[in-house]
Amino acid sequence: MSHLDAQFSIPVGSTVVVSGANGNIASHIVDQLIKTGYIVRGTVRDVKKNKWLIDHFSNIYGPGKIELVEVPDMSVHGSFDESVKGASGFIHTATPVMEDADPNVAIPVVIQGTLSALQSAAKEPKMKRFVLTSSSGACTAPKPGIVFTIDSNTWNEEAIAAAWAPPPYEGFERLLDVYYASKTQGEQEAWKWVRDNKPNFVLNTVLPNANFGPVVDKNHQKYHSTLGWIRALWNGFAGEEGVRNQPPQYYINIVDDAMVHVAALLYKDVSNERLFTFAYPYNWNDILAIFRKLYPSKKFIDDIPDLPRDLSIVTNGRAEDLLKRFAGHGWTNLEETIKSTVADY
Ligand SMILES: NC(=O)c1ccc[n+]([C@@H]2O[C@H](COP(=O)([O-])OP(=O)(O)OC[C@H]3O[C@@H](n4cnc5c(N)ncnc54)[C@H](OP(=O)(O)O)[C@@H]3O)[C@@H](O)[C@H]2O)c1
């Protein structure tokens with residue numbers, strides 16, 4: 001990586017904070033950071049429960065590449081003050097993912113968690129770069145069959161309106177609207193805070209669509225959220241009928257996503273940008289075709305009739321260019337992504 005050092009805003013060997021380091025995407029970010037030569041300070045809600053991160057990465061890269069700090073409640077002002085000491089970068093991924101359909105519960109924790117991470121980061125004089133993991137849901141819900149454009153000015157105002165509509169706060173649709181609204185408002189507040197406070201660091205945000213791929217450590221992590229969708233399809237949606245209703249949208253290979261986060265943190269010319277980690281659109285029938293090709297002896301469910309396609313046009317070129325610069329390749333295709341997801345089963 002030394003040939004790239006001149007392009008990096010943070011010297012190799014510096015400390016980078018990753019919040020929610022045990023999460024599926026975050027642990028891949030940790031992997032990429034250590035591989036590139038950085039020391040990771042991961043924040044988790046329970047250090048004892050997540051000690052496996054130290055064991056896992058020490059086994060691969062040797063001791064001393066990762067340490068953990070306990071941040072039990074990120075929404076408390078100053079909760080990241082200890083974590084940022086001496087650090088030069090911060091990647092904030094921690095978020096409750098679709099845990100509560102009450103906007104009064106689910107949204108403030110995301111906004112306050114994001115603001116407390118930014119406020120703590122601003123107290124550390126060495127801090128140069130901050131990356132926030134936002135979401136495709138911060139710009140739009142999937143709208144299969146409709147042609148529209150998504151760019152850095154696109155915000156999911158529809159989700160905000162739906163999330164804050166009067167109760168009842170129940171049902172899957174409400175849960176999704178509240179989650180999307182939490183990501184939209186969390187990201188909006190981050191940009192506003194940076195405009196108002198002009199910190200010494202640069203903010204970039206990454207907006208991933210559905211992440212597919214392997215977990216970092218299958219003995220300690222679950223195939224939940226979008227990683228669980230592929231397993232549900234593999235099992236014919238048995239016991240997980242709800243996943244069948246997930247609309248066609250874009251996927252992103254989880255390792256590509258992690259690399260774009262690291263590129264957004266490191267490359268000097270990436271500044272004040274919203275980076276869209278949307279690789280290509282897919283639907284369940286595309287993945288079933290890949291399953292049948294790769295595993296001809298296994299029986300899968302039949303194609304789902306009349307499945308539409310995601311026709312949105314996303315300005316994802318900048319994120320893919322960064323991936324090419326960092327990794328030497330563009331978006332990993334769907335077949336490779338599915339292969340690496342299923343390899344662990
Ligand atoms: N998966 C996707 O396809 C996708 C797509 C778009 C955006 N994202 C975003 O990517 C980020 C990571 O998602 P993921 O899929 O990797 O999810 P994940 O594996 O569930 O990780 C979530 C992380 O956030 C932490 N967390 C949850 N609630 C918290 C709270 N109240 N306070 C502090 N930490 C909390 C979790 O800690 P515990 O283990 O202690 O619960 C975990 O470390 C999130 O910001 C998510 O919105 C994901």
Side-chain angles (χ1 to χ4, degrees), residues 17-31 42-53 68-76 79-80 83 91-100 105-117 131-142 156 159 175-176 178-187 190 205-218 220-230 243 246 249-258 260-261 264 274-279 282 314 319 337 341:
V17 178
V18 178
S19 70
N22 61 310
N24 284 340
I25 299 173
S27 52
H28 279 285
I29 293 172
V30 171
D31 190 38
T43 76
V44 290
R45 290 199 283 184
D46 183 338
V47 164
K48 207 168 146 208
K49 203 169 119 194
N50 292 297
K51 199 188 148 292
W52 64 268
L53 283 162
L68 296 180
V69 176
E70 194 159 286
V71 178
D73 185 353
M74 66 177 178
S75 63
V76 173
S79 55
F80 289 102
S83 325
I91 302 185
H92 181 52
T93 79
T95 222
V97 180
M98 297 187 60
E99 288 180 7
D100 204 310
V105 176
I107 297 178
V109 69
V110 176
I111 294 176
Q112 289 312 322
T114 304
L115 293 180
S116 79
V131 174
L132 170 68
T133 310
S134 182
S135 170
S136 57
C139 48
T140 184
N156 198 344
L175 190 63
L176 195 59
V178 168
Y179 169 64
Y180 285 165
S182 76
K183 298 302 290 184
T184 311
Q185 291 190 256
E187 193 193 340
T205 61
V206 179
L207 293 84
N209 206 158
N211 278 253
F212 298 152
V215 292
V216 157
D217 183 342
K218 65 177 174 181
H220 293 97
Q221 290 172 297
K222 293 194 188 110
Y223 289 89
H224 58 220
S225 181
T226 51
L227 300 192
W229 295 358
I230 303 301
V243 179
Q246 288 292 343
Q249 51 201 278
Y250 281 64
Y251 77 92
I252 174 72
N253 179 292
I254 197 165
V255 180
D256 291 354
D257 195 11
V260 173
H261 276 79
R274 296 180 87 202
L275 299 162
F276 294 89
T277 45
F278 291 50
Y282 75 92
V314 188
T337 300
T341 312

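Numbers here simply count residues along the sequence, with the first being 1. Every number for a ligand or one of its atoms is a count from 1 in the order of the listing.
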Nearest protein heavy atom to [atom], by residue and atom, and its distance?
atom: atom 39 (O) of ligand 1; result: Asn22 ND2, 2.7 Å
atom: atom 8 (N) of ligand 1; result: Tyr179 OH, 3.8 Å
atom: atom 12 (C) of ligand 1; result: Thr93 O, 3.9 Å
atom: atom 26 (N) of ligand 1; result: Thr95 O, 3.5 Å
atom: atom 30 (C) of ligand 1; result: Arg45 NH1, 3.3 Å
atom: atom 6 (C) of ligand 1; result: Pro208 O, 3.1 Å
atom: atom 7 (C) of ligand 1; result: Ser134 O, 3.3 Å
atom: atom 16 (O) of ligand 1; result: Ile25 N, 2.9 Å

Enter the distance from Ile91:CD1 to Ile25:CD1 here, rounded to the nearest 0.5 Å.
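If I round to the nearest 0.5 Å, the distance is 11.5 Å.
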
Could you grab the distance from atom CE of Met74 to atom OG of Ser83, nearest 0.5 Å is fine?
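So the gap between those two atoms works out to 12.5 Å.
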
Could you tell me, atom by atom, which parts of ligand 1 come under 4.0 Å of a heavy atom of [X]?
X: Gly20; result: 43 (O)
X: Lys183; result: 44 (C), 45 (O), 46 (C), 47 (O)
X: Thr133; result: 9 (C), 10 (O), 11 (C), 45 (O)
X: His224; result: 18 (P), 19 (O), 20 (O)
X: Met74; result: 32 (N), 33 (C)
X: Asn209; result: 3 (O), 5 (C)
X: Ala210; result: 3 (O)
X: Ser225; result: 1 (N)

Establish, from distance only, whether the side-chain atoms of [X] and [Y] form a donor-acceptor pair under 3.5 Å.
X: His28; Y: Asp257; value: no
X: Gln249; Y: Ser136; value: no
X: Asp217; Y: His220; value: yes
X: Asn253; Y: Thr337; value: yes

Based purely on interatomic distance, does Thr226 place a nitrogen or oxygen under 3.5 Å from a nitrogen or oxygen of ligand 1?
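Yes, there is a polar N/O contact under 3.5 Å.
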
Ignoring hydrogens and geometry, is there a side-chain-to-backbone donor-acceptor pair from Thr341 to Pro214 under 3.5 Å?
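Side chain of Thr341 to backbone of Pro214: no pair is present.
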
Is the backbone of Ser75 close enough, under 3.5 Å, to the side chain of Ser79 for a donor and an acceptor to pair up by distance?
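Checked: no pair found.
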
Out of Asn50, Asn211, Ile252, who gets a non-hydrogen atom closest to atom 4 (C) of ligand 1?
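The nearest heavy atom belongs to Asn211.
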
Relative to atom 34 (N) of ligand 1, which among Ser135, Pro72, Ala94 owns the nearest non-hydrogen atom?
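The residue whose heavy atom sits nearest atom 34 (N) of ligand 1 is Ala94.
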
Between Arg274 and Glu187, is the salt bridge (charged side-chain N to carboxylate O under 4.0 Å, His left out) condition met? List the steps.
CA-CA 10 Å; Arg274 296 180 87 202; Glu187 193 193 340; 2.7 Å; yes

Begin from the C-alpha positions of Thr133 and His261 and carry the test side-chain hydrogen bond (donor to acceptor under 3.5 Å, both in side chains) through to its verdict.
CA-CA 8 Å; Thr133 310; His261 276 79; 3.0 Å; yes

Could you tell me if the ring centre of Tyr282 sits under 6.0 Å from that of Phe212?
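When the ring centroids of Tyr282 and Phe212 are compared, they turn out to be within the sub-6.0 Å range.
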
So if I apply the side-chain contact (heavy atoms from CB on, under 4.5 Å) rule between Ile107 and each of Ile111, Val110, Val109, which one comes out positive?
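Filter result, single survivor: Ile111.
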
